[in-house]
Amino acid sequence: MYNYITGRISNIYSTFIVLENNGIGYLIKTANPYSFTIGDEMTIYTHVHIRQDVFDIYGFKSNEEKDLFIKLISVKGIGPKGALAIIANGDPKNLEQAIIAGDVKYLQKFPGIGQKASSQIVLDLQGKLANPKNQMENPKIIDVKEALKSLGYTNAELRKLDSYLHENIDLPIEELVKTSLKKLF
């Protein structure tokens with residue numbers, strides 16, 4: 001219904017902000033209302049959620065956050081309140097990487113997300129999220145990770161090596177595999 005609303009933040013409450021646009025104050029539920037500042041002129045990307053008796057507008061600072069929210073509420077058992085809590089407590093890029101990697105333990109750190117819900121999120125969204133990081137990943141790093149995967153390491157374990165591998169990209173693949181194995185122990 002509304003893709004975005006541009007206006008001035010007129011009030012901030014614990015679960016929502018009021019965005020004034022042309023004399024209308026839109027009550028917009030956000031992940032972290034206190035990250036906004038009263039008086040700021042900004043564009044809020046919105047999603048309208050309609051139930052039998054409720055008409056809610058959810059707002060986000062970026063289109064990426066909004067898209068992640070929409071994907072999360074498509075998961076069986078995850079409603080707008082739960083999806084907003086996940087977005088409020090996690091970095092969207094790390095969250096997407098965890099889903100792609102199937103890291104259910106990472107997802108369980110969010111309020112109200114247990115084993116069943118985290119497994120459902122991975123099941124429903126794993127194939128729906130693009131992995132731009134892998135598309136731009138250095139072929140040498142991909143080779144190292146594939147070698148380590150063949151030894152039984154999981155994507156979640158291998159994500160811990162990302163900064164090390166990027167910092168030492170000039171080393172030969174064999175050396176990267178050896179040093180990565182030492183870091184994983």
Side-chain angles (χ1 to χ4, degrees), residues 1-7 9 11-19 26-38 40 42-137 145 153-163 166:
M1 179 175 249
Y2 306 117
N3 188 35
Y4 62 88
I5 302 172
T6 301
I9 308 291
N11 288 312
I12 299 173
Y13 297 92
S14 62
T15 57
F16 63 89
I17 61 171
V18 176
L19 184 71
Y26 293 93
L27 186 147
I28 301 175
K29 295 183 177 188
T30 64
N32 187 0
Y34 296 111
S35 67
F36 296 90
T37 305
I38 291 177
D40 279 0
M42 63 186 320
T43 298
I44 305 292
Y45 297 90
T46 58
H47 173 75
V48 177
H49 189 77
I50 301 171
R51 293 179 300 210
Q52 288 178 330
D53 57 344
V54 179
F55 181 92
D56 286 329
I57 301 174
Y58 291 88
F60 309 92
K61 288 186 174 183
S62 70
N63 240 343
E64 292 77 25
E65 274 187 0
K66 174 186 167 182
D67 291 342
L68 183 57
F69 174 83
I70 291 169
K71 288 174 183 165
L72 284 170
I73 63 174
S74 74
V75 173
K76 180 181 175 188
I78 305 292
K81 187 176 178 181
L84 210 56
I86 292 170
I87 290 172
N89 290 302
D91 175 37
K93 287 185 172 78
N94 288 340
L95 181 61
E96 286 185 9
Q97 288 301 315
I99 293 168
I100 291 166
D103 188 355
V104 293
K105 288 187 180 186
Y106 177 86
L107 298 171
Q108 289 174 12
K109 76 176 191 169
F110 299 111
I113 303 298
Q115 174 67 34
K116 184 177 177 182
S118 61
S119 297
Q120 191 68 44
I121 290 170
V122 169
L123 179 68
D124 287 358
L125 297 182
Q126 197 168 34
K128 295 180 182 177
L129 298 175
N131 192 356
K133 188 174 183 180
N134 277 354
Q135 292 170 0
M136 299 184 65
E137 189 98 72
K145 287 184 175 182
Y153 289 98
T154 65
N155 287 329
E157 292 171 312
L158 297 179
R159 269 200 321 275
K160 297 174 186 173
L161 297 171
D162 283 346
S163 61
H166 286 283

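Computed from a prediction, not measured in an experiment: that's the story for all the values here. Scope of the values below: all heavy atoms of this structure, side chains included, with no hydrogens, waters or symmetry mates.
- At a cut-off of 3.5 Å, with distance as the only test, no side-chain donor of Thr43 or Lys61 sits close to an acceptor on the other residue.
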side-chain contact (heavy atoms from CB on, under 4.5 Å), that's the test. Do Tyr2 and Ile57 meet it? Break it down for me. CA-CA 9 Å; Tyr2 306 117; Ile57 301 174; 4.1 Å; yes

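- Counting heavy atoms from C-beta on, the side chains of Ile121 and Lys76 never come closer than 4.5 Å.
- At distances below 3.5 Å, not a single donor-acceptor pair connects side-chain atoms of Thr37 with backbone N or O atoms of Asp40.
- Residues Asp56 and Pro80 are not in side-chain contact: their nearest non-hydrogen atoms beyond the backbone lie 4.5 Å or more apart.
- Considering NZ of Lys66 and CZ of Phe60, their distance stands at 8.5 Å, rounded to 0.5 Å.
- Note: His49 and His47 have tilted aromatic rings, judged against thresholds of 30 and 60 degrees for the angle between ring planes.
- Once rounded to the nearest 0.5 Å, the distance linking CZ of Phe69 with OH of Tyr58 reads 5.5 Å.
- In this structure the side chain of Tyr34 reaches within 4.5 angstrom of the side chain of Ile12, judged on heavy atoms.
- Residues Leu84 and Ile86 are not in side-chain contact: their nearest non-hydrogen atoms beyond the backbone lie 4.5 Å or more apart.
- Residues forming a salt bridge (Lys or Arg N to Asp or Glu O under 4.0 Å) with Asp124 (at least two apart in sequence, or on another chain): none.
- Scanning all heavy atoms of the two residues, the minimum distance from Val122 to Gly102 falls at CG1-CA, 3.8 Å.
- Between Pro33 and Ser14, the shortest heavy-atom contact is CG-O, 3.4 Å.
- If you take OH on Tyr106 and CZ on Arg159, they are separated by 8.0 Å, rounding to the nearest 0.5 Å.
- For the pair Met42/Ile9, a side-chain contact is recorded, criterion being any heavy-atom separation below 4.5 Å from C-beta on.
- Considering every non-hydrogen atom in both Ser74 and Leu125, the closest pair reads OG-CD2, 4.1 Å.
- Side-chain atoms of Asn3 and Thr46, non-hydrogen and from C-beta on, never get closer than 4.5 Å to each other.
- The two atoms that bring Ala101 and Gln126 nearest to each other are C-NE2, 4.0 Å, heavy atoms only.
- Taking CG from Leu68 and CG from Asn63, the interatomic distance works out to 12.0 Å, rounded to the nearest 0.5 Å.
- When side chains are defined from C-beta on, Gln120 does not count as touching Ile78, because their heavy atoms never get closer than 4.5 Å.
- Closest non-hydrogen pair, Leu95 versus Leu72, comes out as CD2-CD1, 4.2 Å.
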Please walk me through it: do Lys109 and Asp103 pass salt bridge (charged side-chain N to carboxylate O under 4.0 Å, His left out)? CA-CA 11 Å; Lys109 76 176 191 169; Asp103 188 355; over 6 Å; no

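- Smallest separation of non-hydrogen atoms from Ala31 and Ile87: CB-CG2, 4.0 Å.
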In sequence, state the C-alpha distance, the side-chain angles, and the governing distance for Phe36 and Ile44, and then conclude on side-chain contact (heavy atoms from CB on, under 4.5 Å). CA-CA 11 Å; Phe36 296 90; Ile44 305 292; 3.4 Å; yes

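- Note that NZ of Lys29 and NZ of Lys81 are 8.5 Å apart. Values are rounded to the nearest 0.5 Å.
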Passes side-chain contact (heavy atoms from CB on, under 4.5 Å), Ile28 versus Thr30? Steps please. CA-CA 6 Å; Ile28 301 175; Thr30 64; 4.1 Å; yes

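- Within the model, atoms CD of Gln115 and CD of Gln108 stand 4.5 Å from one another, a figure rounded to the nearest 0.5 Å.
- A heavy-atom distance below 4.5 Å is not found between the side chains of Tyr45 and Asp67.
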